[in-house]
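Comments concern the structure below.
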Amino acid sequence: MKEQLQRIKEAALSKISTEGTIAALNDIRVQYLGKKGELTAILKGMKDVSTEERPVVGQMVNDVREAIEKALDEVGSKIAKTVRDVQLKNEKIDVTMPAKHMEIGHRHPMNIVIDDLKKIFIGMGYEIVEGPEVEFDYYNFEALNIPANHPAKDEQDTFYIGNDILLRTQTSSVQVRVMENSQPPIKVIAPGRVFRADEVDATHSPSFHQIEGLVIDKNITMADLKGALAVFAKELYGPDVKVKFRPHHFPFTEPSAEMDVSCAVCGGKGCRMCKGTGWIEVLGCGMVHPKVLKQSGIDPDVYQGFAFGMGLERIALLRYGIDDMRLLYENDVRFLKQF
Ligand code: DAH
């Protein structure tokens with residue numbers, strides 16, 4: 001029995017010393033020390049050992065168990081250390097390596113212009129409202145005094161979703177929605193995207209941006225319109241800018257006008273930007289037509305108002321000296337980065 005124990009010990013220790021994984025060590029532990037293990041089997045056989053021999057053999061079994069356990073622990077912690085060393089090596093971070101380059105975007109020049117205009121109008125007491133881009137013919141044309149066969153509809157050919165639904169051609173549609181839903185005093189601007197079936201070129205795009213303005217209250221006159229828009233122009237282009245109103249026609253305003261500002265590039269002398277005229281057209285405006293007020297539920301005998309609408313792309317092009325509108329939509333970061 002003693003030789004058997006000696007053999008078990010030697011076999012176990014030599015096995016342990018050649019193993020490289022924790023799992024293999026666990027198998028060895030089960031093989032020798034487990035419930036059905038070889039050493040356990042010997043303990044079970046102790047009843048056949050003579051009384052004098054029993055303490056000696058018992059002591060030997062304990063020694064062998066201890067030796068095996070000690071070897072398992074030692075080799076086990078060695079393996080664990082090696083595994084951890086490999087892991088640490090693989091996870092090493094070189095803090096001196098240059099960081100990955102991160103591209104940070106910024107506001108698009110169009111949005112910079114829109115935000116600036118919003119700020120100006122908020123400062124003048126206007127509220128910002130929005131309307132849908134997919135719009136009913138009613139709000140885009142009919143309620144703005146542009147009936148089905150009106151020639152003004154031709155100038156604003158657009159994308160039709162159905163017979164009565166289209167992509168709005170002007171933010172003027174929002175005027176009607178606001179008037180339907182509220183009573184004066186009204187003082188709003190409505191910035192947003194509009195659409196027309198235009199060919200793409202340096203000055204045209206099928207999708208562009210406008211800001212609409214609408215002011216309605218008692219005793220509003222053309223003087224209020226001129227005053228408000230002159231203040232706006234000075235806020236946008238500086239205190240020296242001059243404004244000029246030219247008579248025009250829009251179906252939803254009467255009288256109607258277009259406003260020009262003195263060219264910011266040449267100061268009014270005439271240059272390439274203003275095509276030698278010294279003036280740049282910036283917006284359409286007028287006193288809201290009584291028919292439009294009435295149609296939207298506002299009594300024209302009590303209230304009057306003015307409205308205006310302007311394209312935003314041109315303001316951005318002029319401000320940044322960009323000579324082709326397509327650049328605004330190509331989203332080439334090399335271009336956009338500059339603003
Ligand atoms: N909606 C017009 C356009 O797109 C611009 C305009 C003109 C808006 C006169 C107005 C206005 O509110 O009163 O050409």
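Just so you know, these numbers come straight off a predicted model, no measurement behind them. We count ligands from 1, going down the list as the structure has it; atoms in each ligand are counted the same way.
A side-chain N or O of T169 and one of N140 form a donor-acceptor pair less than 3.5 Å apart.
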**Message:** For a ring-ring contact (aromatic ring centres under 6.0 Å, His included) check, start with the C-alpha distance between Y160 and F136, then their side-chain angles and the critical distance, and finish with the verdict.
**Reply:** CA-CA 10 Å; Y160 282 84; F136 288 106; over 10 Å; no
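For the pair D324 and R326, the salt-bridge criterion is met [side-chain N within less than 4.0 Å of a carboxylate O]. In summary, K234 and D240 do not engage in a salt bridge, as defined by a charged side-chain N under 4.0 Å from a carboxylate O. Salt bridge status for K294 with D299: absent, with no side-chain N to carboxylate O gap under 4.0 Å.
Here side chain to side chain donor-acceptor pair (under 3.5 Å) pairs that include residues 45-59, with residues two or more places apart or in two chains, are Q59-D63.
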Just the distances, no angles: every ligand 1 N or O to protein N or O pair closer than 3.5 Å, one line each.
from, atom 1, to, atom 2, distance (Å)
ligand 1, 1 (N), Q170, OE1, 2.7
ligand 1, 1 (N), S172, OG, 2.9
ligand 1, 4 (O), R196, NH2, 2.9
ligand 1, 4 (O), Q210, NE2, 2.9
ligand 1, 12 (O), Q175, NE2, 3.0
ligand 1, 12 (O), E212, OE2, 2.5
ligand 1, 12 (O), F308, N, 3.3
ligand 1, 12 (O), F308, O, 3.3
ligand 1, 13 (O), A307, O, 3.2

